[in-house]
Protein chains: 2
Amino acid sequence: MLTQNAVPSHSFCPSLGSQKGVVELMGAPMAFGRNAEIYGENEPADYLYRVVSGAVRTYRVLCDGRRQIGAFYMPGDVFGLESGHAHAFSAEAISDTKVLVIKRKALEAIAGRDSEVARQLWELTGRELERAQDHILALIKTAEERVVSFLLEMAVRASRDGQIELPMSRRDIADYLGLTIETVSRTMTHLESTSTIEMRSSRRVVLKNQATLRRLNG
Amino acid sequence: MLTQNAVPSHSFCPSLGSQKGVVELMGAPMAFGRNAEIYGENEPADYLYRVVSGAVRTYRVLCDGRRQIGAFYMPGDVFGLESGHAHAFSAEAISDTKVLVIKRKALEAIAGRDSEVARQLWELTGRELERAQDHILALIKTAEERVVSFLLEMAVRASRDGQIELPMSRRDIADYLGLTIETVSRTMTHLESTSTIEMRSSRRVVLKNQATLRRLNG
DNA sequence: CGTGCAGTTGAGCAAATTCAACGCTTGTGG
DNA sequence: CCACAAGCGTTGAATTTGCTCAACTGCACG
């Protein structure tokens, strides 16, 4: 159960390198298979989630079927945190995924008593806002710049010994970047043909020339 | 000065219609002329702001000069609220603008003591996040859909007796929607030619056919 | 009365999409 | 074990959307 002593307010670290804090210390484990829905748009936002392993996408669909992916979440990331009482996006497991589930009400109750926890909740929402703002900036760029932005983001968040492991399909990438799968595919092929990246497989990418990539990032 | 009794925590309203709460009750008045900078990107975020009259745009520029407008703020709106200690965007007055300036440190100090104020700060950031997410969704749409989204948004936020008063230029609209001014202009002309809207002047628009607009919104 | 800025309009062009075909891998059932 | 279907990714050709470049109008302001 959630108890006060599970929430040591003195453990706060002012410059949160990754998402440390109370949210790291609690939650019930839960597993989802590939493409399983974790929650749906407009469902009550009673829980938030921390990815343990696997990967998650959040998305919305327009009436005619176009899908916008809001974000990808990797191990360590927190998602499902909404200020309103309903989820603005749906969430699905991209691959088999383990998460920790945290009761929102319990967390808010703690936040009401412990201002440090309240501050961490605010901080998480603020970081999500920054992410969304960066996403907006990416969406006004050219196709090549968007793909490069994405690869540079993934290099930080999903690389193992200099090699990016993409958990998501070309369709997911396209829907994240507001492009078609063909454009994503063509752009990556072009980046490879200029020795800017290397594709060991369609899901394994190595950035060969970071200087060029940063220049192409706009 | 900021005093505890300026912050009646019992005044909290759980379903904030507009941005009510502690932020409504304080702040030093300040005025900015048309196009004046209120703050710059990367400057320390020591203050937040509430628009009293006029209008504000926040924006970022890419290295080659492309500008992305993050949001427009109208009277009653709060802006400049960042979770980090630096502003992620620059802010400028669109027209002559009056704002109330609130010291962030003071507000955070109060939030540390009063969990209701902390919750309101969180709520404001959450609302900003929702806005950014809606903006992302708009940016994957076609040009016409983006313009329609914009007009529908402005109908809610900037209309007086059934008529939208746009405080911003075509360039601002274009940079908000990720389009060119020519495309914005052409699209609006086209909407007028189909009797969907009426332009009494370039800054004064009437929505003639909301049903069509909602259909065109994607 | 000119000058400058904001907005509109037109013609041609480029970037990204659409439509279509094909290769590769994976899983499934005969 | 093989045949075959399904999903994913890539590639090509034609098309479309929105952009670039350019001219022109209306209006505010000196």
Side-chain angles (χ1 to χ4, degrees), chain A residues 33-35 57 62 64-68 92 94-96 138-151 164-194 197-205 216 218, chain B residues 33-35 55 57 62 64-68 94-96 138-151 164-194 197-205 216 218:
Chain A
R34 192 170 115 93
N35 295 328
R57 62 176 168 253
L62 296 179
D64 66 349
R66 276 172 292 178
R67 183 181 68 156
Q68 174 61 35
E92 286 177 354
I94 291 173
S95 52
D96 290 351
L139 290 177
I140 67 157
K141 299 185 190 176
T142 65
E144 184 169 68
E145 289 167 342
R146 293 187 214 190
V147 172
V148 169
S149 299
F150 173 75
L151 290 174
I164 302 174
E165 293 274 352
L166 297 174
M168 71 291 284
S169 69
R170 292 288 188 268
R171 167 132 304 284
D172 287 339
I173 299 172
D175 289 349
Y176 179 67
L177 296 177
L179 300 170
T180 60
I181 50 179
E182 293 96 328
T183 299
V184 171
S185 181
R186 272 187 259 270
T187 304
M188 292 189 62
T189 303
H190 177 247
L191 288 172
E192 183 163 47
S193 77
T194 56
I197 67 173
E198 180 190 332
M199 283 191 276
R200 302 205 171 148
S201 78
S202 68
R203 305 285 185 108
R204 292 170 61 177
V205 180
L216 292 178
Chain B
R34 193 169 115 93
N35 294 327
R57 63 178 166 250
L62 297 179
D64 67 348
R66 274 171 294 178
R67 182 181 69 156
Q68 174 61 35
I94 291 174
S95 52
D96 290 350
L139 289 177
I140 67 157
K141 299 185 190 177
T142 65
E144 184 169 68
E145 289 167 342
R146 294 186 212 190
V147 172
V148 169
S149 299
F150 173 74
L151 290 174
I164 303 173
E165 292 275 350
L166 298 174
M168 70 292 283
S169 69
R170 292 289 187 267
R171 166 131 305 285
D172 287 337
I173 298 172
D175 289 350
Y176 179 68
L177 297 176
L179 299 170
T180 60
I181 49 178
E182 293 95 329
T183 298
V184 172
S185 182
R186 269 188 263 270
T187 304
M188 292 189 62
T189 302
H190 177 248
L191 288 172
E192 182 163 48
S193 77
T194 57
I197 65 173
E198 178 191 333
M199 284 191 275
R200 301 206 170 147
S201 78
S202 68
R203 305 287 185 104
R204 291 170 63 176
V205 180
L216 292 178

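Reminder, nothing fancy here: chain letters follow the sequence lines and each chain counts from 1.
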- Query: Can a side chain N or O of B/Arg171 be found less than 4.0 Å away from OP1 or OP2 on C/dC5?
  - Reply: no
- Message: Is the phosphate of C/dT17 approached by A/Thr183 (side-chain N or O, under 4.0 Å from OP1 or OP2)?
- Response: yes
- Item | Protein-nucleotide distance (A/Glu145, atom CD; D/dC19, atom P), rounded to Å | 14 Å
- Query: Checking side chain to side chain donor-acceptor pair (under 3.5 Å) for the pair B/Thr142/B/Glu145: CA distance, chi angles, key distance, verdict?
  - Reply: CA-CA 5 Å; B/Thr142 65; B/Glu145 289 167 342; 3.3 Å; yes
- Message: With a 4.0 Å cutoff (strictly under), does any side-chain N or O of B/Thr180 reach OP1 or OP2 of D/dC19?
- Response: yes
- Message: Using a 4.0 Å heavy-atom cut-off, does A/Ser202 contact any base of the nucleic acid, only the sugar-phosphate backbone, or nothing at all?
- Response: sugar-phosphate
- Task: Find the distance A/Asp64:CG to C/dT17:P and express it as a whole number of Å.
- Result: 15 Å
- CZ of B/Arg34 versus P of C/dA6: gap in Å, rounded? 6 Å
- Going by an N to O cut-off under 4.0 Å, is there a salt bridge joining A/Arg203 and A/Glu165? no
- Find which nucleotide of DNA chain C each of B/Val184 and A/Gly178 is nearest to by heavy atoms, and output the residue with the more 5' nucleotide. B/Val184
- Query: To the nearest 0.5 Å, what is the distance between CZ (A/Arg171) and OG1 (A/Thr180)?
  - Reply: 8.5 Å
- Integer-rounded Å distance: D/dC8 C1' and A/Asp175 CG: 14 Å
- Note on the structure: Between CG of A/Leu179 and P of D/dT17 the distance, given in whole Å, is 17 Å
- Expressed in angstrom and rounded to an integer, what is the separation of A/Met199 atom CE from D/dT10 atom C1'? 9 Å
- Could you tell me whether B/Arg146 and B/Glu144 have a side-chain N and a carboxylate O separated by less than 4.0 Å? no
- Query: Would one find a side-chain N or O of A/Thr189 under 4.0 angstrom from OP1 or OP2 of D/dT11?
  - Reply: yes
- Donor-acceptor under 3.5 Å (B/Asp96 side chain, B/Arg34 main chain): yes
- Message: Just to be sure I understand the rule, does B/Ile181 reach a base, reach only the sugar-phosphate, or reach nothing, if contact means heavy atoms closer than 4.0 Å?
- Response: nothing
- Heavy-atom side-chain contact between A/Arg204 and A/Ile164 under 4.5 Å: no
- Considering only heavy side-chain atoms of A/Glu182, the closest of C/dT17, C/dC19, D/dG18 is C/dC19
- Length of the CD-P vector between A/Glu144 and C/dA14, whole Å: 17 Å
- Determine, for B/Arg67 against B/Asp172, whether the closest basic-nitrogen to carboxylate-oxygen distance falls under 4.0 angstrom. yes
- Quick one: are B/Arg200 and B/Val205 in side-chain contact, heavy atoms under 4.5 Å? no
- Query: Tell me: CZ of B/Arg170 to C1' of D/dG26, nearest whole Å?
  - Reply: 14 Å
Polar-atom pairs under 3.5 Å, protein N or O versus N or O of nucleotides 13-15 of chain D: list them with distances, or write none.
none

- Message: Applying a 4.0 Å non-hydrogen cut-off, can you work out what A/Arg146 is touching in the nucleic acid: base, sugar-phosphate, or nothing?
- Response: nothing
- Which of D/dT10, D/dC8, C/dT9 is nearest the side chain of A/Arg203? It is D/dC8
